[in-house]
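Here is the structure we will look at, set down as structure tokens.
First listed ligand is number 1; within each ligand, the first listed atom is number 1. Computed from a predicted model, the values in this text were never measured in an experiment.
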Amino acid sequence: MRNNRRMEFDGQTAIVTGGGRGIGKAIALQLAEQGANVAVLEIDRDSASATAAEVEKRGRRSFAASVDVSDQVQVDRAIGAVAERFGRIDVLVNNAGIGNTAPFLELTADNWNRVVAIHLSGAFFCSQAAAREMARRGYGRIVSMASIAGLMAPPEAAHYAAAKAGIIGLTRAMAMDLASSGITANAIAPGPVLTEMLREIWDEEGLKERGEHVPVRRLATVDEIARAVLFLAAPQSAYITGVVIPVDGGSVAAGSYMVEKYRRLRS
Ligand SMILES: NC(=O)c1ccc[n+]([C@@H]2O[C@H](COP(=O)([O-])OP(=O)(O)OC[C@H]3O[C@@H](n4cnc5c(N)ncnc54)[C@H](O)[C@@H]3O)[C@@H](O)[C@H]2O)c1
């Protein structure tokens with residue numbers, strides 16, 4: 001039987017950066033399932049096209065572009081192309097990112113610059129280009145992927161922590177400047193999520209151990225993070241702006257207590 005329920009994002013256009021895999025892909029597909037046409041801006045062309053094909057299987061229109069979000073020229077061109085093709089931009093999800101660890105005393109300027117450029121400058125470039133389009137219609141939702149690493153201190157990741165804390169500052173400041181334009185800006189701070197990014201850093205044993213650090217005793221799924229993004233991206237969330245929501249199985253609430261409990265469990 002045909003489902004005639006009106007979906008939350010019917011007729012809207014959403015842009016998801018880094019939507020080729022992991023959390024970004026889950027966000028793109030949940031948005032499509034809720035009625036949105038989705039543009040995937042992703043450095044990896046093949047995975048961008050694969051996600052776009054899955055969006056179309058869900059009956060929506062899609063757009064895939066090979067874009068490095070740390071390059072403002074590429075970002076402006078791609079967001080201009082999305083606006084031209086769909087005539088509107090309702091939702092931007094700043095999700096693209098890379099995982100990287102380095103002990104502080106060994107952190108190189110190149111490494112620092114790359115992580116900050118992709119996470120923080122990328123979020124700025126995409127937000128500004130999309131917000132210019134959104135402001136024309138007086139409506140927009142910007143959701144950026146921070147991390148609990150932007151709220152708490154991760155080991156051997158000063159560059160990543162600084163970039164994610166920067167995204168939180170950017171989110172709050174954008175929320176102020178855009179408040180009178182009908183545009184909200186919010187951030188999600190995930191705890192550890194089972195994706196390729198984590199698999200590239202930890203082996204199976206390491207992933208299991210990381211899950212034990214979390215009060216709910218497991219890693220998050222990509223769909224659990226996507227669900228929170230859709231909540232902030234929805235039209236009904238108009239009164240929520242400038243906030244950062246941890247989706248972290250209680251990690252921020254636990255603070256150092258969980259680390260202590262974990263140490264005791266292992267000894
Ligand atoms: N996995 C976690 O535990 C976790 C926790 C907190 C926050 N996050 C954040 O969530 C976001 C997604 O993470 P994920 O785990 O799905 O990672 P992932 O590595 O699985 O996916 C990241 C995607 O971003 C793309 N990308 C990388 N650099 C890019 C660039 N310069 N321009 C455009 N696209 C680019 C990649 O090709 C990839 O498709 C990241 O911002 C990450 O920092 C992840």
Side-chain angles (χ1 to χ4, degrees), residues 15-30 39-52 54 64-79 92-101 111 113-127 129 143-152 154 157 159-168 170-171 187-202 206-207 209-211 213-214 218-226 228-229 244-249 251-252:
I15 296 176
V16 182
T17 70
R21 70 178 198 183
I23 298 170
K25 181 175 182 180
I27 295 166
L29 299 185
Q30 282 198 18
V40 182
L41 271 49
E42 160 66 62
I43 200 161
D44 180 66
R45 184 184 299 276
D46 290 347
S47 65
S49 302
T51 300
E54 291 203 37
S66 168
V67 176
D68 178 347
V69 294
S70 67
D71 181 332
Q72 191 174 22
V73 173
Q74 290 185 35
V75 166
D76 286 350
R77 197 185 301 133
I79 291 185
L92 166 70
V93 183
N94 288 312
N95 166 82
I98 55 168
N100 193 263
T101 54
N111 223 356
N113 287 335
R114 193 161 145 265
V115 167
V116 171
I118 294 173
H119 288 274
L120 183 53
S121 304
F124 162 56
F125 297 150
C126 293
S127 299
V143 184
S144 300
M145 208 52 71
S147 166
I148 58 168
L151 296 168
M152 308 166 83
H159 48 345
Y160 186 81
K164 290 306 195 186
I167 285 179
I168 293 169
L170 172 69
T171 296
I188 296 290
V193 190
L194 190 56
T195 65
E196 289 308 305
M197 181 183 280
L198 279 206
R199 288 189 191 284
E200 284 161 10
I201 300 174
W202 287 309
L207 287 170
E209 287 188 11
R210 184 65 188 89
H213 273 278
V214 180
R218 65 173 176 84
L219 304 173
T221 67
V222 291
D223 280 324
E224 286 171 323
I225 306 303
V229 171
V244 47
I245 301 183
V247 182
D248 67 347
S251 297
V252 169

In ligand 1, which numbered atoms sit nearer than 4.0 Å to a non-hydrogen atom of [X]?
X      : value
Val67  : 32 (N), 33 (C)
Pro192 : 3 (O)
Gly191 : 3 (O), 5 (C), 6 (C)
Gly22  : 16 (O), 20 (O)

When you measure from [atom] to every protein heavy atom, which one gives the shortest distance, and what is it?
atom                    : answer
atom 12 (C) of ligand 1 : Asn95 OD1, 3.2 Å
atom 18 (P) of ligand 1 : Arg21 NE, 3.4 Å
atom 3 (O) of ligand 1  : Val193 N, 2.8 Å
atom 10 (O) of ligand 1 : Met145 CG, 3.2 Å
atom 13 (O) of ligand 1 : Met197 CE, 3.7 Å
atom 24 (O) of ligand 1 : Gly18 CA, 3.5 Å
atom 16 (O) of ligand 1 : Ile23 N, 2.8 Å
atom 14 (P) of ligand 1 : Thr195 OG1, 3.7 Å

Side-chain touch [X]/[Y], heavy atoms, less than 4.5 angstrom:
X      : Y      : value
Pro246 : Leu151 : yes
Leu41  : Gln74  : no
Ser127 : Asn94  : yes
Asn95  : Ile23  : yes
Val143 : Ile188 : yes
Cys126 : Leu92  : yes

| message | One pair to check against side chain to side chain contact (heavy atoms under 4.5 Å, CB included): Leu207 and Leu198. What are the steps and the verdict? | response | CA-CA 8 Å; Leu207 287 170; Leu198 279 206; 3.8 Å; yes
| field | Residues that Lys25 engages under salt bridge (Lys or Arg N to Asp or Glu O under 4.0 Å), provided they are two or more places apart | value |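 Only Glu54 meet the salt bridge (Lys or Arg N to Asp or Glu O under 4.0 Å) criterion with Lys25.
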So, the side chain of [X] versus the backbone of [Y]: is there a donor-acceptor pair under 3.5 Å, distance only?
X      : Y      : result
His119 : Ile98  : yes
Ser251 : Asp248 : yes
Glu42  : Gly20  : yes

Kindly confirm or rule out an N or O of [X] lying under 3.5 angstrom from an N or O of ligand 1.
X      : result
Ala146 : no
Glu42  : yes
Ser147 : no
Ile98  : no

Tell me whether ligand 1 is touched by [X] - counting only heavy atoms on the residue side and a distance under 4.0 Å.
X      : value
Lys164 : yes
Leu198 : yes
Glu200 : no

| message | Just to be sure I read this right, does ligand 1 sit under 4.0 Å from the backbone of His119, its side chain, both, or neither, counting only heavy atoms? | response |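 Side chain only; the backbone of His119 stays clear of ligand 1.
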| Proximity to ligand 1 by part of Ile118, non-hydrogen separation under 4.0 Å |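 Just the side chain.
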| message | Go through it in stages, so that I can follow the logic: the residues are Thr221 and Asp223, the test is side chain to side chain donor-acceptor pair (under 3.5 Å), and I'd like the CA-CA distance, side-chain angles, deciding distance and then a yes or no. | response | CA-CA 5 Å; Thr221 67; Asp223 280 324; 5.5 Å; no
| field | Option with minimal heavy-atom separation from atom 22 (C) of ligand 1, where the choices are Gly19, Ala149, Ala65, Gly97 | value |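 Nearest heavy atom to atom 22 (C) of ligand 1 lies in Gly97.
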| query | For Ser47 and Asp44, does a side-chain donor sit closer than 3.5 Å to a side-chain acceptor? | reply |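 Distance-only check passes for Ser47 and Asp44.
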